[in-house]
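In what follows, a single structure is set out as structure tokens and then discussed.
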Number of protein chains: 2
Amino acid sequence: MFIFNFKEFECPFNCFTEIIKGKWRTGIILSLSQNPKRFSELKKELDGVSSKVLTDNLKVFEQSGIINRTVFPTVPPSVEYSLTEQGFELAKIMDSINSWAGIFLNQKETVN
Amino acid sequence: MFIFNFKEFECPFNCFTEIIKGKWRTGIILSLSQNPKRFSELKKELDGVSSKVLTDNLKVFEQSGIINRTVFPTVPPSVEYSLTEQGFELAKIMDSINSWAGIFLNQKETVN
DNA sequence: TGTAAAAGTTACTTTTATGTAACCAGATAA
DNA sequence: TTATCTGGTTACATAAAAGTAACTTTTACA
């Protein structure tokens, strides 16, 4: 399995791209920035993601300190995923990106 | 060849990830945010990129309005790549990401 | 007895991204 | 006239990411 090694980044920016790369990563963070969610809720919300890929991505996030994984001893046990402090900071950055992209797309529309 | 279709993004954020995805894209933008560069200069600076991939990426950026491509009628003709207004805005966003990632990595170091 | 539910795992296949190496055009300088 | 330069293109090979389908575990409820 992929292990996120913080030492390997000469450039901080590469750390960011490593974190958000992949088809589902940003969706996961955006979704968890609303409120914590369980595995099955995330899976439903990220329409089309497979268990395998969702699991892989959540592991990377957990290992890198972007999300918390909490197991509740219900029957069957349920698992809740939530953003850490640093995860919320990341979500804020993503919001500002979102604003830029909104303006960018808007200009495309009005110009063309 | 890949054509960047702005209409296809339900969510602006996807537009951003589409723009910066790939191994070399962010490097290209970061490099051009310093100063305009020619094809061969970029190729040298982005150590290891192939002509094919660099060409592909530059085309996507040009078509999406992130960079300008200017041909100078020298012999042999030289081609200069520079950021557009919107490209510079994107580079600013990337700077703020860089700051976040710097802090993030720093916390990792001091905690572990 | 056996079925269901949550949260995965496993082996395998398909898709997408990236890399490699050879090639091309126009113009010039040797 | 032949090699050289820039800025590529093309066909093909390989690597990385994502998808598929079947399976697993524990406990409870019918």
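Naming: A, B, ... by sequence-line order, numbering from 1 per chain.
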From C-beta outward on [X], which listed nucleotide comes closest to its side chain: [options]?
| X | options | answer |
| --- | --- | --- |
| Y81(B) | dG8(D), dA11(D), dG19(D) | dG8(D) |
| S50(A) | dT20(D), dG8(D), dT6(D) | dT20(D) |
| R69(B) | dG8(C), dT20(D), dG7(D) | dG7(D) |
| V53(B) | dG8(C), dT9(D), dT18(C) | dT18(C) |
| K52(B) | dA18(D), dT20(C), dT6(D) | dT20(C) |
| K59(B) | dA18(D), dT9(D), dA5(C) | dT9(D) |
| V75(A) | dG8(C), dG7(D), dA28(D) | dA28(D) |

Separation of atom [atom1] in [X] from atom [atom2] in [N], rounded to whole Å:
| X | N | atom1 | atom2 | result |
| --- | --- | --- | --- | --- |
| K23(A) | dT20(D) | NZ | P | 9 Å |
| L58(B) | dG7(D) | CG | P | 11 Å |
| L46(A) | dG19(D) | CG | C1' | 15 Å |
| F72(A) | dA6(C) | CZ | P | 16 Å |
| K21(B) | dA17(C) | NZ | C1' | 9 Å |
| I67(A) | dA7(C) | CD1 | C1' | 14 Å |
| F39(A) | dT24(D) | CZ | C1' | 14 Å |
| D56(A) | dA11(C) | CG | C1' | 13 Å |

[X] side chain near [Y] side chain, heavy-atom distance below 4.5 Å:
| X | Y | answer |
| --- | --- | --- |
| I97(A) | I97(B) | yes |
| V79(B) | F72(B) | no |
| L58(B) | L42(B) | yes |
| S96(A) | I93(B) | yes |

Next item on the list: Check whether any side-chain N or O of R38(A) sits under 4.0 Å from OP1 or OP2 of dA7(C), and answer yes or no.
Entry: yes
Margin query: Is the phosphate of dG7(D) approached by S40(B) (side-chain N or O, under 4.0 Å from OP1 or OP2)?
Written below: yes
Next item on the list: Please tell me which of W24(A) and P77(A) maps to the more 5' nucleotide of DNA chain D, matching each residue to the nucleotide holding its nearest heavy atom.
Entry: W24(A)
Looking across every strand, which nucleic acid part, if any, lies under 4.0 Å from [X] by heavy atom: base, sugar-phosphate, or nothing?
| X | value |
| --- | --- |
| S51(A) | base |
| G22(A) | sugar-phosphate |
| K43(A) | nothing |

Item checked: Cation-aromatic face contact R38(B)/Y81(B), 6.0 Å, 45 degrees -> no
Next item on the list: Over 60° means perpendicular and under 30° means parallel, so classify the ring planes of W100(B) and F16(A), tilted if in between.
Entry: perpendicular
